[in-house]
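Worksheet: one structure, shown below.
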Amino acid sequence: MSQRTVDPERSGAAPTEPEDEGDLIGLVPQQVVGPVRQGVAWLDDRAGFSHLLHRVLYEAVPRQGGWAYTLGSATLVLILIQFFSGIFLLLDYVPSVSQAYSSLDFLKTSDPFGAWMRGIHLWGSYTLMFIIGAHALRTFISASYKKPRELNWVTGVFLFFIVLGMAITGAMLPWDQASYWTTTVVTNIPHYIPGIGNGIRTLWRGGNFVGQATLTRSFALHIWVLPVILLGLIGAHIHLLWRHGEHGSWVNYRTRSADPGGEIAERLRNAAAPYPTRGSDPVYSVPSDTVDFFPTQLFKDTVVSAVLVIFIGVMGLISGAPLDGPANAATLTYVPTPEWFYLPLDQLLVFFPLGLVGFGVFVVVGIAATLVIALPFIDRSPERHPIRRPDVLIPALFLIGSVIYLAMLGVNRLYNL
Amino acid sequence: MSERRITRRQFMVRGTGLLGGLITAMVSVPAIGFLLSPLWATTPLLWADVQGGPIDDIPEDKPTARIASIQTETNPPQPPVSRVVYVVKHQGQLYAFSNICTHMQCDVHWDASLDLFECPCHGGLYSITGRNVGGPPPQPLPQWVHRTQVRGGRTYLQVANRLREEI
Amino acid sequence: MPHLFLALTPGPVPGTVITNTVMVGCVALLHVLFATYLIGSTSIVAVSEVVSMVNHDPRHERLARGIVHSWAYLFGTGAAIAIFFVIFVLVGMWGRFFVTFSQFTFWVWFFEALTFVGEIVLLYALYANWDRLGEYRMARLGMTILLNVDQWFQMFFIDVIASQMLTPVVQGKPDNTSYLLQFLNPTNLPLTIHRTFGNVAWAGAVIALTAGFRYLRATRREEAMALAPNTHVEPVRALGAMPDGELVRERNREAAYWDWAGQYAMLFTFVLTIFQIWVGYTYAKEIQLHSLDSWYQMMYGWISNIFLGQFAGLGLLFMAGVAYFWRRIKAAGQPRPARRLQLALIVLFLLWLFGLQPAWWAGSYPDIVAAHLAKPFWDGGVEDPLGFFFPWKVMVLIGEMLVTLFALGTFLRARQRTPMIMGQASRGSQRLLIALGVITCLMMLIMGIIRESSRSPYLVNYSIQINHQVILQKPAPNIPLTQRPIGP
């Protein structure tokens, strides 16, 4: 605790000295003089970039366990990778039932860099799915969603849902067999909503059958509607993170002295922004030891992101993105299989027959989704250690176990088909 | 001071709200109408020949997959798409099933070893008369709206661009 | 005299098919009870160790130590039964089947046997050095987890065998030598998960039963004194040498510990049994898809009556659990959650009654079709719109899941809001724990009987028959495919 150096810049809102390390001007090498240096200083003065950098980079984060807290920024980097690669795929892709397939087939056969980019987009989505799940799991285990961070969790869950929506609308675009049957199955699901279901299916498909209108709509959802919502939610999520500070986990709030009350009071006195967390239990409002986000935590974040991006790049190159045969509504032999992250839901469809289909799709999944969203409002005790929260740990294990088991059953079923 | 009079400030506050509402309504009406237009779009009844020649030679109790080029969607107009027509003759009845599963609309096929139609997606099963006998499908296998034509002593099948029981 | 002696000498293979079946059933079920307790209780020890390392709760340590000591007795006995089972009953009485079958599942058996080496080493090392290893908690935990993984593989390999018998990889070809296909058998995964949870649930039930008895013993004197205040009550034998005041304190400590242990263990049983409902459903689904005859016998045939017993047992288990919650919360002085639990108990009872309808009440599906009743009830038929696969039973199972989850949540929340003082439990609540243990034991036995009888007349489905114990050239399904009633 005492080793922590309190940076006066962090709390002061006064304009910073241009020579300060870490400021915009500090990034310019000392050897550079004259108009360039003046230009940077002018830009900083007029636009306030240093101020922005301070707001973004110079904040305290918990010292211990930093590697576990890299998953959030890794998720952000992966989403940005998806935006980047997605925009580049638009150089070639045509959202038309007659040309979508051939445009991607062209990439596959004649444009190696385009195929690589498509591979990156696909493997980026796989990795994103995995990392966002790991991030949610980490947040759950460390109980970072507790007061006052309830909305961090809620926006995070909605972000996850939007990413799932992006993944499924993206899978509809290539208009190969896999894509066609994914579109058919997914757009058919809403029709099990009593009363308005048929209407929703018609609106999503732009008709009774899957066709050009369906592809256009999926395309619009994938490149405009969902990304805009996604960006808004990311903004809200990061704003809330800055507002309340990184929570860390129970290891960051242990007291070591014989006088825990005094130790906590001491922490509150010496708290560096954004701590103490407003509205939090005093025990959990200031971590026992903090470091600056920049560069300590950012370095760890960058290491993890770099590993992931290299993985995505390599997999995108060597494995690429598959392309089945062109969409054929008249096939008798094609076995539609979902992407791996939709296997649990797909397997759930096997188990609910006849009049129970809607129950299985909407009630069961809806209850699970509601419970996940409402988690911070269910678990309001001050306890942070998972072992001391059996009332949420057991149901969570139940839910996670069910999802994993369903996925395994799905693999088992497809293998033994 | 009259109670009906409003101050300048109140006028501007309410006026901004009102005009904002007007702007929203101006763009919402066409947007919602455009969004909902597929609901009241009607597709004309279009007939298509089932390919592969006459259906006289199709044996009893042996579902046979034929292809028909059907224009299912006309809003906006699209070229016809090949669809499967399962021609089944059973106990003197003629059926023209689609291979669209009523569960999740996957591609159903006839499995001769089971004597049933089987859906590979979630294991739905239908009998030879299209009855949903196993797995999750909630309804019988739908038939295309169809009619037969006799030309030159041979029977030809025609199907329309809609299913008999809309699923 | 020699003649009488000769007459008493049994033939080369004793007994008939029926006596041999009874023999194999009894020995196998006994073996299963021992083996599953060992596997499940190791998981409970591992969990308790982790919890005690976080919470520094001596009760978890004591429980873990107690379970480890129980292994020493039970593993020896169980191993003796297993050897008797394999060598005498399987090889002696079912020789042709067992030898044939173990030839094409040879490597599975081999690895199965190998896991026993690991189990013996780890289990006895832990038992003999448990207290000494107390200074190396992580090492002890690591060994426990390793033991459990070893035991899990033991169960996994036997599940490969079991699923191969129920749903052969290629029907009519039991001599399939692709071990990959054997491991990926369609019913292997659900069976493994079903048994993984079942083991822990069963071990929890055994511990809860023990705790119930020990609590009753610890509070026997208080009860006797409450019944007849002026009589002299003999101290409990084991604690007899202590002075009276210390005796009461020791008793209270004992009561508090066993009250806690019973509750802790029964929660494993209760929670995992809720999970078992739908894991079991997925298992039944895979059997339906891959061995329809067995599924048919279990759901519609004569075994469905035994299955009804399992259904009843499940309801009774849940009722015992919820009744325990209710009594325990009531004893803790929380009337509102207690009333909710009472309500849950009543709903459970009604669901249980509703589910106790034998399969033949509704007739089989062909019967319904023949009677022109295959239409929804609003059209004058008997078919339920939810489906013709015993819709009311599916509904009862879903209902039981919802009610038990509600009861569990109510109990846990009430317990967390007002910390429960251990040792206050009523004696009735502990009798409910004993009942829970007995019901779980019966369910284990019934499930074994159902599973093993469902293949009749086969030993290995579609290939080795009970009467012949030989491999048939062609599979001969019981029911012609066209007449099979296939439900969803």
Side-chain angles (χ1 to χ4, degrees), chain A residues 96-98 177 180-189 191-192 196 198-217 220 327-338 346-358 360-361 410 413-414 416-417, chain B residues 32 34-43 51 63 65-86 98-111 117-125 132 134-139 161-163 166-167:
Chain A
S96 134
V97 291
S98 55
Q177 282 285 60
Y180 177 82
W181 292 104
T182 301
T183 309
T184 308
V185 170
V186 171
T187 53
N188 188 50
I189 287 174
H191 106 105
Y192 285 101
I196 55 168
N198 272 327
I200 292 177
R201 182 176 69 179
T202 308
L203 292 185
W204 194 348
R205 289 183 172 176
N208 284 326
F209 293 88
V210 170
Q212 175 60 52
T214 321
L215 179 60
T216 310
R217 275 145 209 256
N328 176 13
T331 180
L332 288 174
T333 51
Y334 187 73
V335 179
T337 52
D346 188 59
Q347 183 65 22
L348 212 53
L349 291 174
V350 177
F351 293 129
F352 290 96
L354 307 165
L356 287 172
V357 179
V361 173
R413 175 170 58 86
L414 294 175
N416 283 295
L417 210 62
Chain B
I32 292 172
F34 188 29
L35 191 67
L36 299 183
S37 61
L39 287 180
W40 45 77
T42 50
T43 312
Q51 295 161 14
R66 292 283 183 87
I67 303 288
S69 204
I70 303 172
Q71 186 172 8
T72 48
E73 290 304 321
T74 52
N75 307 292
Q78 287 170 38
V81 177
S82 289
R83 296 269 175 180
V84 170
V85 180
Y86 256 116
S98 80
N99 76 331
I100 302 173
C101 183
T102 54
H103 181 229
M104 286 293 151
Q105 306 203 332
C106 291
D107 50 325
V108 173
H109 63 268
W110 176 254
D111 188 322
F117 287 104
E118 191 191 18
C119 176
C121 266
H122 308 103
L125 297 170
N132 47 328
Q139 269 139 41
N161 58 346
R162 57 192 61 176
L163 298 169
E166 279 298 340
I167 52 169

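To find a chain, count down the sequence lines: A is the first, B the second, and so on, and within it residues start at 1.
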When rounded to the nearest 0.5 angstrom, what distance separates [atom1] in [X] from [atom2] in [Y]?
X: B/I70; Y: A/F209; atom1: CD1; atom2: CZ; answer: 7.5 Å
X: A/T331; Y: B/H109; atom1: OG1; atom2: NE2; answer: 10.0 Å
X: A/L203; Y: B/L35; atom1: CG; atom2: CG; answer: 6.0 Å

message = Using the ring pair (Phe, Tyr, Trp, His ring centres under 6.0 Å) criterion, which residues pair with B/W110? Sequence neighbours excluded.
response =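 Ring pair (Phe, Tyr, Trp, His ring centres under 6.0 Å) check on B/W110 returns B/F117.
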request  = Applying ring pair (Phe, Tyr, Trp, His ring centres under 6.0 Å), name anything that partners A/F351, two or more places apart in sequence or on another chain.
outcome  =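 Testing A/F351 for ring pair (Phe, Tyr, Trp, His ring centres under 6.0 Å), a comparison that skips the adjacent residues, returns C/Y281.
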Side chain, backbone, both or neither of B/V85 within contact of chain A (heavy atoms, under 4.5 Å) =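 B/V85 has no heavy atom closer than 4.5 Å to chain A.
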request  = With a 4.5 angstrom heavy-atom cut-off, could you sort out which part of B/L36 is near chain A: side chain, backbone, both or neither?
outcome  =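 Contact with chain A: backbone and side chain both.
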Without swapping roles, check the side chain of [X] against the backbone of [Y] for a donor-acceptor pair under 3.5 Å.
X: A/Y334; Y: B/C106; answer: no
X: A/N188; Y: B/H103; answer: yes
X: B/D107; Y: A/P336; answer: no

What's the shortest heavy-atom distance between [X] and [Y], and which atoms?
X: A/T184; Y: B/Q105; answer: CG2-O, 3.4 Å
X: B/P136; Y: A/V350; answer: CG-O, 4.2 Å
X: A/R217; Y: B/P38; answer: NH2-CG, 3.7 Å
X: B/V84; Y: A/A330; answer: CG2-O, 3.0 Å
X: B/A65; Y: A/L332; answer: CB-CD1, 3.3 Å

key: Most chain B-contacting option - heavy-atom pairs closer than 4.5 Å, from A/V185, A/T202, A/V97   =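 Among the listed options, the one with the most contacts to chain B is A/V185.
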request  = Count the heavy-atom pairs under 4.5 Å between each of A/G360, A/A213, A/G207 and chain B, then report the option with the highest count.
outcome  =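 Option with the top pair count is A/G207.
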key: Which atoms of A/T337 approach chain B - backbone, side chain, both or neither, heavy atom under 4.5 Å   =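 Neither part; nothing is under 4.5 Å.
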task = Please flag which part of A/V357 lies under 4.5 Å from any non-hydrogen atom of chain B: side chain, backbone, both or neither.
result =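 Only the side chain of A/V357 comes within 4.5 Å of chain B.
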key: Side-chain heavy-atom pair A/W181, B/C121 within 4.5 angstrom cut-off   =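 When only atoms from C-beta onward are counted, B/C121 and A/W181 do not touch, as no gap falls below 4.5 Å.
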query = Under 4.5 Å between any side-chain heavy atoms of A/N208 and B/R162, yes or no?
reply =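 When only atoms from C-beta onward are counted, B/R162 and A/N208 do not touch, as no gap falls below 4.5 Å.
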